[in-house]
Amino acid sequence: MSLLSIRDMKTQIGQYHVLHGVSFEVPEGGVFILLGRNGAGKTTTLRSIMGLWQPSPGSVMFQGRDIAGLATADIARLGIAYVPENMGIFGGLTVEENLILATAKGRFDPARLRRIYDLFPALEKFWTKQAWSLSGGQKQMLSVARAIVEPRALILIDEPTKGLAPSIVAAMGEAFREIAQTTTILLVEQNFNFAKSLGRDMAVIDDGRVVHSGTMADFAADADLQGALLGLSA
Amino acid sequence: MMIVVFIVVIIGGLGSIEGTLLGAIIVGLTANYVGYLAPKLALASNMILMMAILMWRPSGLRPAVK
Amino acid sequence: MDKFGEILHRFGGVNLLPVALAAIAFVLIGAPSSWVTLTVAGLAMGMMVFLMASGLSLVFGLMDVLNFGHSAFISFGAFIAASILAALGGWLDGGVILASAALALALVGAITFGLAAGLFFETVIIRPVYRDHLRQILITMGALIVSEQVILAVWGGTPFTVPRPAFLEGAWIIGDVSIEIYRLFAFALGAVVFLGLMVLLNRTRIGLLIRAGVENREMVEALGFKINRLFIGVFMLGSALAALGGAMWAGYETLITPALGAR
Amino acid sequence: MKTTGMKQSYGTLTVKTAMLVIAGLLLFAPFLFQDIRALEVAARICIFIVLVASYDLLLGYTGIVSFAHTMFFGFGCYGAAIALRQMGPGWDAVAIGTLGGVLVSLVVATVIGLISLRVKAIFFAMITLATASVVLVLASQLSQITGGEDGITYRAPDIFKTATKLMVDEDGKVLRWFGVRLNGKLAAYYFVFTTSLVLFLILLRVTVSPLGTVLKAIRENEARAEAIGYRVVAYRTFVFCLSAVMASLAGSVYAIWLKYTGPDTALSFSIMIDILLMVVIGGMGTMWGAVIGAVLLVMAQYYLRDLMGAASEAVAGIPLLPELLAPDRWLFWLGIIFILLVYFFPRGIAGTLMTRGMRT
């Protein structure tokens, strides 16, 4: 059974129809990649799952339960974490405060904290610094760390590698691989090479519709398809 | 009081409690000092204060991080 | 210049403005006793204005809602506290304990009203127009018009004399400096509220949520917190503070008119 | 007002018919309603139509909330008043006073606009509110110039004197047309009517010009308009200045008509609230709404009070209700109507009517 199953999700922002019926299935475990051109509707898809935009008809089944129409907070409480494109960290709060806010009870689970320290040593180093003073990569780490500070079933991550140095992108990839062993990740990515190395299953979204879905292995092998769907020349 | 409250909030920087306190104290002191030194100017003083501070810091003295 | 700025920053930066102001005034005024009196008066007034303004600022910061009806809470607070004090007039001369009780009742009355009115305002007036600044300004302005008319209808247009507890009357005379006791009381109350707010914001989980919400509402929601409940709470707190500020202001002015809020 | 080619909804037709009726009534007001009070109401309506229309240019067309509109109106009033007081009743005084008012308005509007129109709408509203209240205080404090709380009385140019005879019959008495004396009062009314009409037409012209389109684009989506290449701040400042000048001109005309200027007639915050109510009740973003709002509210101001007085006496036994129905509490009810309109009919009377019948 899939962990998340989206059927015919349509989202309207103001007077613009952004999603015209998105359907795909995210199986349990591993990294699921959502690809697509700029403005195709990837971010809107994630925001709609999260309830930040309200999708009208269609259904979003999460662990066999329709979550379309629920409040964002309730969706989060069901075990979905969100790492938005702009990272959404609270600049005026310290690293510690950012993380403790993400815990359910206001206390850290020592084992999870240990794991975060291991994955992102920089966060331990800047533990009491205000988050606005971190570098872009560190902010991204904080944002991801916030998503794993509590056990979750699914993490939605929106373009985590945008504007990051290659070495940090590599580290981020390692972290995602580690996280994906216990938690499903739905990753929106523009960086195809990065996505290719991580994903098991994938879908391509274009102009508010899913135009292709399948396994990453098949897609990576089919250069013509990539060219047609993503506009990649190679 | 509405005008005074608005001026305080504007010069303090919207959204921050420390800013509001700072703005309130500045306005309170100015009102009393000017009221003593140049009573005619007392009411305009708040306005002048606000204009001056906005020229210097357009979003107030201590706005909340946004 | 940079170095100067750095030094200034180390000693508190803009926080030094009131000190600078006081220093300039000291030179201009010349007479130390008048200066002390004026400074105390200024600080007391500042603290009362702080009470009235803090709610407005907090609500704006968290909710991006500017409540033009905020001054209605101030006016109501003033009139409710004044009415309670007037009704308990006999207590005010009956010793410190009874007078304190009357004062406490008046302030609690104002605060209670502020909480209730805040709840009503948030859910009925503001909730339907979140994120629509134009309509927000219009609606809250309309609410202000209606509130002022209600005050006029209930308390009439004539000035209302506010009785004060005996122990807050008069002034301390130290040398040739005289300090009104009510001003000290107002300053102390304001300082306590400020410290309370600082503790709430910086030391509690609710405060953490508020500070996070000021920055990014959506992300607070995405972390699993219902920001609407937080909004209501903060709005009620802000209204209550405004009403408390109004109540203190009524005691300070001792003669209040319904035009108090609008000026 | 062209009807050729375009199919008009019956709602729009209703509004436009109402416009014609109002224009007709105002044009023939001195002949239709032959008492002083009615003429007073008609002149006030004319002035407020301009004032409200110029405010609508800000609020409805551009989405700027300013609380300083009465301030500009007041500059115009006081400009004309002070000039007429100092220089005696003459057209030179009127010209200088009006020009002075316009200049002050222009300067103040530019300063406020440039300082604060780049910040959030809310900030701007607060700053205009603060500025306006300070000007109000200044006006009552500088009593040598402004007459303080008492205001200034002065004489208007001779042609507007009630004693002036525009036309005389054989006996040397003032001529009557349809029972109306052709005296200076009539001339004054038509002066108000004509200037108001001209100012209103200018405003109308602005809203249908390319500028009006740009303003709407900015209101709908500021970031987008900026991206397309419109200099949003410049446009806003320009509109703010334009509406300030219009308000100032309306003020000068009003000052000439009233022959009295004081804080209550020119600057008080209640005028600001009246304007706001008129724009929203009439309908934001349409010039017709300004007309409807001004007519309804000025009429209400003069005639609703009598009605409420009667209602208040009728419910004398019930607690609180008589207080709320007292003639002085009419703002209470208007405030409630205002809130309900903003919730349920944000387009106001004109806007709501005009969208009616669109879908048929």
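Each chain gets a letter, A, B and so on, in the order the sequences are listed, and its residues count up from 1. Just so it is clear, the structure is predicted and the values come from calculations on it, not from any experiment. Quick note: numbers below take in every heavy atom, side chains included, and nothing from hydrogens, waters or symmetry partners.
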Q: Ignoring hydrogens, what is the shortest heavy-atom contact between D:L331 and C:I145? Give both atom names and the distance.
A: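 Distance-wise, the nearest heavy atoms are O-CG2, 3.8 Å.
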Q: If I measure from the heavy atoms of chain C, does D:I336 come under 4.5 Å with its side chain, its backbone, both, or neither?
A: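 Contact with chain C is through both the backbone and side chain of D:I336.
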Q: Indicate the atoms forming the closest heavy-atom contact of D:Y343 with C:I126, along with that distance.
A: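 Smallest interatomic distance, heavy atoms only, reads OH-N, 4.3 Å.
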Q: Does some side-chain heavy atom of C:V146 sit less than 4.5 Å from a side-chain heavy atom of D:F338?
A: no
Q: Report, as yes or no, whether the 6.0 Å neighbourhood of atom CD1 on C:I206 holds more than 12 heavy atoms from other residues, nucleotides or ligands.
A: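 No, because the 6.0 Å sphere around CD1 of C:I206 holds 12 heavy atoms or fewer from other groups.
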Q: Considering residues, nucleotides and ligands other than C:M198, do more than 12 of their heavy atoms fall under 6.0 Å from its CE?
A: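 Enclosed.
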Q: Output all residues satisfying salt bridge (Lys or Arg N to Asp or Glu O under 4.0 Å) with C:R127, sequence neighbours left out; order by chain, then residue number.
A: C:E122
Q: Taking salt bridge (Lys or Arg N to Asp or Glu O under 4.0 Å) as the definition, give me every residue that meets it alongside C:R135, ordered by chain and number, with sequence neighbours left out.
A: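 So C:R135 forms a salt bridge (Lys or Arg N to Asp or Glu O under 4.0 Å) with C:D132.
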Q: At a heavy-atom separation under 4.5 Å, does D:V280 approach chain C through its side chain, its backbone, both, or neither?
A: side chain
Q: Look up atom CD1 in C:I137 and atom CG in D:L59, then write down how far apart they are to the nearest 0.5 Å.
A: 9.0 Å
Q: Looking at CE of C:M141 and CG of D:L129, how far apart are the two atoms once the value is rounded to the nearest 0.5 Å?
A: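 Here the interatomic distance stands at 6.0 Å.
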Q: Can you confirm whether more than 12 heavy atoms, excluding those of C:R183, are under 6.0 Å from its CZ atom?
A: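 More than 12 heavy atoms, drawn from other residues, nucleotides or ligands, come within 6.0 Å of this atom.
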